[in-house]
Enquirer: 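Let me begin by handing over the structure; questions about it come next.
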Amino acid sequence: MLDIVVIRRDPDRVRRSLQRRGLDPSVLDDVLRLDTEYRSALADLERAQSERRTLSEQIGRAPDKAAATAERRPRLDVLAKLSEQQQERVRELAPDVEGSPLRALLEHLPNLLDESVPDGADERANVTVRAWGEPPRFDFTPKPHWELGEALGILDFERAVRLSGSRFSILKGDGARLARALAQFFLDRATVRGYVEIAPPYLVTRATMWSTGQLSKFSDAMFHDDDTDLYLIPTAEVPLTALRGDEIIDAAELPCKYTAFTPCFRKEAGAAGKETRGIMRQHQFDKVELVWLSHPERSFEALESLTEDAASLLRELELPHRIVALCAGDVGFNAAKTYDLEVWVPSAKAYREISSCSNCTDFQARRSAIRFRRDAKSKPEYVHTLNGSGLAIGRTLLALMENFQRADGTIAVPRALEPYAGFSIVGGV
RNA sequence: GGAGAGGUGGUCGAGCGGUUGAUGGCACCCGCCUCGAAAGCGGGCAGAGGUGAUGAGCCUCUCGAGGGUUCGAAUCCCUCCCUCUCCGCCA
């Protein structure tokens with residue numbers, strides 16, 4: 001959610017950001033008009049309330065309350081009726097009332113883009129910031145991970161379909177073990193880099209989901225239970241970001257860095273036909289997430305740091321990858337700036353997203369009410385929130401399988417992972 | 001799931017129809033004292049919104065959430081949510 005005050009005082013900045021995202025900025029005119037109407041209605045209401053209060057206090061002080069009440073009755077009745085109407089009007093216009101037109105407009109305004117975000121309409125305009133490693137050259141015909149996995153008996157798609165339908169998979173034996181090793185490896189590295197490990201709930205309330213801005217972004221993509229009105233998390237970003245919601249954090253505690261290993265659940269309803277083979281896109285996948293609550297002045301440094309935390313994992317796993325800065329048209333709703341980490345996927349002959357690291361500035365913090373105090377005397381301010389995958393387990397696993405496959409159909413385990421896996425070759429004798 | 005108790009400011013905890021947005025303790029901040037610190041003493045210290053200059057001041061709202069009664073509600077009534085204790089069930 002954007003700060004209405006920023007929209008009011010610097011509408012041009014918001015307009016520019018919307019345009020860069022390829023959105024129609026004319027909604028701002030409606031926002032500004034409704035906001036003016038709202039404030040005028042609010043002033044009317046407050047005037048009536050103030051007068052009513054004064055009269056009530058006079059009655060409270062009077063020795064003969066009955067007489068004092070009778071005397072003021074006509075005016076009080078007028079005020080009661082008046083403020084009831086004004087209350088109604090304010091409720092219709094208020095930006096903080098669910099379902100009001102102003103609120104609806106505000107909820108659909110994406111975060112302000114950072115100036116450093118490159119221009120461009122879609123992913124073709126994304127800018128590669130740096131690359132690491134060379135795509136492997138095979139002296140045999142490399143196989144996609146689903147063929148490798150089934151041949152090695154570590155991936156089972158047929159039985160997964162039988163149990164749960166499409167877009168599910170089963171890991172078996174060394175495959176399951178490798179996935180667990182990756183999770184452990186990622187969490188350990190995060191801990192070393194100062195992240196506090198959290199084991200959060202996988203089901204959260206509608207309010208929590210709303211507070212991290214997922215309801216607009218993923219609303220069709222989320223699994224939901226009608227009985228309890230609980231949502232299965234689409235990413236651990238949700239519980240980790242909301243973790244300190246409604247709190248005022250001591251400035252000395254910033255930055256707060258959290259990590260969690262959780263499954264993620266997504267309907268992926270609109271994604272039919274895209275990357276359907278294998279484990280690239282699933283209804284359920286595991287991920288280690290990294291979240292920062294940052295001092296606002298340092299959040300863009302924090303984004304570099306967070307991105308480096310994720311990238312270091314790919315380097316340690318010896319996986320060729322590149323870091324791209326998303327262009328204006330490709331940056332997500334919540335984010336001011338995003339770097340994607342893309343790993344080389346031989347079967348696609350392309351780099352594919354394995355992590356997305358975003359600075360959401362105060363956009364989520366405002367919804368979630370995550371604040372801090374600069375010092376004992378200052379007013380609470382919103383922190384900046386950042387999130388990134390570090391990393392998605394399934395995609396790392398498939399990248400590892402495809403990049404480290406050998407002519408005999410076995411797969412080498414990267415050295416850094418060996419102690420975690422307990423073996424150095426998958427399918428070795 | 002059943003029975004009971006309760007949800008108040010950063011925290012603990014009073015208040016249970018009328019200048020109470022809220023006594024007091026702790027924490028925190030400023031000052032005095034001190035070589036320095038502790039202790040002690042004095043003072044300050046909730047949040048949101050509107051208005052003003054993103055100042056002072058003024059105004060409104062907020063005591064889990066939402067409704068109601070009343071001139072007036074943290075205080076009374078209703079609904080919902082949550083927490084705790086005991087019982088039941090259970091990995």
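In what follows, chains carry the letters A, B, and so on, assigned in the order in which the sequence lines appear, proteins first and then strands, with residues in each chain numbered from 1.
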Enquirer: Reading RNA chain B 5' to 3', which nucleotide is the first, and which the last, to come under 4.0 Å of any heavy atom in chain A?
Expert: B/G18 to B/G72
Enquirer: Answer yes or no: are there more than 12 heavy-atom neighbours, outside A/K81 itself, under 6.0 Å from its atom NZ?
Expert: no
Enquirer: For B/C63 and B/C30, measure between their P atoms and round to the nearest Å.
Expert: 32 Å
Enquirer: For the P atoms, the ones on B/U51 and on B/C41, what distance do you get once it is rounded to whole angstrom?
Expert: 45 Å
Enquirer: Between A/R8 and A/L55, which residue's closest nucleotide on RNA chain B lies nearer the 5′ terminus?
Expert: A/R8
Enquirer: Within the 4.5 Å heavy-atom criterion, are A/E308 and A/R193 side-chain neighbours or not?
Expert: yes
Enquirer: For the P atoms, the ones on B/A3 and on B/U8, what distance do you get once it is rounded to whole angstrom?
Expert: 25 Å
Enquirer: Is the CD atom of A/E297 crowded by more than 12 outside heavy atoms at less than 6.0 Å?
Expert: yes
Enquirer: Taking the C1' atom in each of B/A38 and B/G13, what is the distance between them to the nearest angstrom?
Expert: 27 Å
Enquirer: Say we look at B/U19 and B/A56: how far apart would their P atoms be, to the nearest angstrom?
Expert: 28 Å
Enquirer: If we take the P atom in both B/A46 and B/U85, what is their distance in whole Å?
Expert: 33 Å
Enquirer: For A/D96, is there an ion pair with A/R103 - N to carboxylate O distance below 4.0 angstrom?
Expert: no
Enquirer: Which residues in residues 65-76 of chain A have at least one heavy atom lying under 4.0 Å from any atom of RNA chain B?
Expert: A/K65, A/T69, A/R73, A/L76
Enquirer: Determine the interatomic distance between C1' on B/C78 and the same-named atom on B/G25; round to the nearest Å.
Expert: 36 Å
Enquirer: Can a salt bridge be assigned to the pair A/D156 and A/R159 using a cut-off of 4.0 Å between side-chain N and carboxylate O?
Expert: yes
Enquirer: List the residues meeting side-chain contact (heavy atoms from CB on, under 4.5 Å) with A/R8, not counting sequence neighbours, and say none if there are none.
Expert: A/I4, A/V5, A/D35, A/R39
Enquirer: Who passes side-chain contact (heavy atoms from CB on, under 4.5 Å) against A/L42, sequence neighbours left out?
Expert: A/Y38, A/E46, A/V90
Enquirer: Is the A/F363 to A/F333 ring centre distance short of 6.0 Å?
Expert: yes
Enquirer: Grab the stems for RNA chain B, please: at least three consecutive Watson-Crick or wobble pairs, both distances below 3.5 Å, written as range with range.
Expert: B:1-7 with B:81-87, B:10-12 with B:24-26, B:28-32 with B:40-44, B:46-51 with B:57-62, B:64-68 with B:76-80
Enquirer: Using the P atom in both, what is the distance from B/C76 to B/G18, to the nearest Å?
Expert: 12 Å
Enquirer: Atom CD1 in A/I279, atom CZ in A/R167: separation rounded to 0.5 Å?
Expert: 13.5 Å
Enquirer: Name the nucleic acid region contacted by A/R373, choosing base, sugar-phosphate or nothing; use a 4.0 angstrom heavy-atom cut-off, strictly under.
Expert: sugar-phosphate
Enquirer: Using the rule side-chain hydrogen bond (donor to acceptor under 3.5 Å, both in side chains), only one of A/R374, A/H295, A/R371 pairs with A/E381; which is it?
Expert: A/R374
Enquirer: Quick check on RNA chain B: between A/E51 and A/R61, whose nearest nucleotide comes earlier from the 5' end?
Expert: A/R61
Enquirer: Which residues within residues 238-255 of chain A lie with some heavy atom under 4.0 Å of an atom in RNA chain B?
Expert: none
Enquirer: Report the glycosidic orientation of B/G52: syn if within 90° of 0, anti in every other case.
Expert: syn
Enquirer: Given A/S356, which of A/T338, A/D340, A/N387 fulfils the side-chain hydrogen bond (donor to acceptor under 3.5 Å, both in side chains) condition?
Expert: A/D340
Enquirer: Salt-bridge test for A/E247 and A/R244: reply yes if a basic N is under 4.0 Å from a carboxylate O, no otherwise.
Expert: yes
Enquirer: Assign A/E57 to base, sugar-phosphate, or nothing according to its heavy-atom contacts below 4.0 angstrom with the strands shown.
Expert: nothing
Enquirer: How about A/E316: does its CD atom have over 12 heavy atoms from other parts shown lying under 6.0 Å from it?
Expert: yes
Enquirer: Hey, are A/R75 and A/E51 close enough for a salt bridge, meaning a charged N less than 4.0 Å from a carboxylate O?
Expert: yes
